[in-house]
Amino acid sequence: MRRLGVLVAIAALLLGGCTATPSEPPTPSFTPVDPAAVVAARKQAGIADCPKSSATVPARSDGLPDLTLDCLGGDSTVRLAGLRGKPMLVNVWAQWCPPCREESPYLRQFAKASKGKVFMLGIDYNDPRPELAVEFAGLVGWKYPQLADPERRLSTKMSVPGLPTTLFVDADGKVVHTVAGKLQSYDELIQLTRDKLGVSL
């Protein structure tokens, strides 16, 4: 009977998902992890270092916000508005969010198929456990760069309707499409990339 209760609780969590307003993560009750350990774990998992971004290119009103975030682990920073030159997919997620976990295979498959045609970037959002974020990204095979926004600073600059959120950004830095909620399939991701970014994989 106890086993059945546990299974029901897990099913409820998976079906509940993340609502239109980002759910609050569990309140951490632990000693904060050493950032250097997070960086070391990230490198061991094969997650790429964060990209360089321009400090001088003007921000655009229809693009990514003029906001600088730490790379996951804090060993570098990235100015979102300074990322230009290649079509980009930005996935906003957290390791505690069940729908983010459910869509993770599509993102892994897409990263392998894109072969550099589309730059991929993750933002671990509203997440007090960077070490678990690295562990999750490593387990699901995300090798592309990951930023950290534990304080939800992104939401002060643009709408974050919930987790996950996926942004399609063209080479000129314009956000051309937003998916609020879980991607439903790899095929959907491929189709959106073709339709919104003009990139066929």
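Bear in mind the structure is a predicted one, so any value in this text is a computation, not a measurement.
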Between [X] and [Y], what is the shortest heavy-atom contact and its length?
{"X": "D66", "Y": "A59", "value": "CB-CB, 3.9 Å"}
{"X": "A41", "Y": "V134", "value": "C-CG1, 3.6 Å"}
{"X": "R152", "Y": "S155", "value": "O-OG, 2.7 Å"}
{"X": "P87", "Y": "L197", "value": "CB-CD1, 4.1 Å"}
{"X": "D75", "Y": "C71", "value": "OD1-CB, 3.7 Å"}
{"X": "P65", "Y": "L80", "value": "O-CB, 3.5 Å"}

Can you tell me if Q191 and D187 form a side-chain donor-acceptor pair at under 3.5 Å?
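The answer is no; no qualifying pair exists.
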Testing the 3.5 Å rule here: is there a donor-acceptor pair between the side chains of D127 and Q95?
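Side-chain D/A pair, D127 to Q95: present.
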Transitive ILVMFWY side-chain link [X] to [Y], under 4.5 Å:
{"X": "L67", "Y": "M88", "answer": "yes"}
{"X": "Y106", "Y": "L201", "answer": "yes"}
{"X": "L163", "Y": "L132", "answer": "no"}
{"X": "Y125", "Y": "F136", "answer": "no"}
{"X": "L72", "Y": "V33", "answer": "yes"}

Would you say [X]'s side chain and [Y]'s backbone share a donor-acceptor pair under 3.5 angstrom?
{"X": "K117", "Y": "S200", "answer": "yes"}
{"X": "R42", "Y": "G73", "answer": "no"}
{"X": "Q44", "Y": "A40", "answer": "no"}
{"X": "R60", "Y": "V175", "answer": "no"}
{"X": "S54", "Y": "G82", "answer": "no"}
{"X": "R108", "Y": "V140", "answer": "yes"}
{"X": "K86", "Y": "G116", "answer": "yes"}
{"X": "K143", "Y": "A45", "answer": "yes"}
{"X": "R153", "Y": "L69", "answer": "no"}
{"X": "D170", "Y": "D172", "answer": "yes"}

Nearest 0.5 angstrom please: [X] [atom1] to [Y] [atom2], how far?
{"X": "I190", "Y": "F110", "atom1": "CD1", "atom2": "CZ", "result": "5.5 Å"}
{"X": "Q146", "Y": "C50", "atom1": "CD", "atom2": "SG", "result": "8.0 Å"}
{"X": "R194", "Y": "L189", "atom1": "CZ", "atom2": "CG", "result": "11.0 Å"}
{"X": "E188", "Y": "L183", "atom1": "CD", "atom2": "CG", "result": "5.5 Å"}
{"X": "K157", "Y": "L64", "atom1": "NZ", "atom2": "CG", "result": "13.0 Å"}

Walk me through it: do V179 and F168 pass the test side chain to side chain contact (heavy atoms under 4.5 Å, CB included)?
CA-CA 8 Å; V179 176; F168 293 78; 3.9 Å; yes
Does the side chain of [Y] come within less than 4.5 Å of [X]'s, by heavy atoms?
{"X": "Y144", "Y": "L107", "answer": "yes"}
{"X": "L121", "Y": "N91", "answer": "no"}
{"X": "P145", "Y": "D49", "answer": "no"}
{"X": "P150", "Y": "P128", "answer": "no"}
{"X": "L154", "Y": "I123", "answer": "yes"}
{"X": "V90", "Y": "T166", "answer": "no"}
{"X": "D70", "Y": "S76", "answer": "no"}
{"X": "D149", "Y": "V92", "answer": "no"}

Salt bridge or not between K182 and E103? Use side-chain N to carboxylate O under 4.0 Å.
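No, K182 and E103 are not salt-bridged.
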Parallel, tilted or perpendicular, judged at 30° and 60°: which one describes the rings of W93 and W142?
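Geometry flag for W142 against W93: perpendicular rings.
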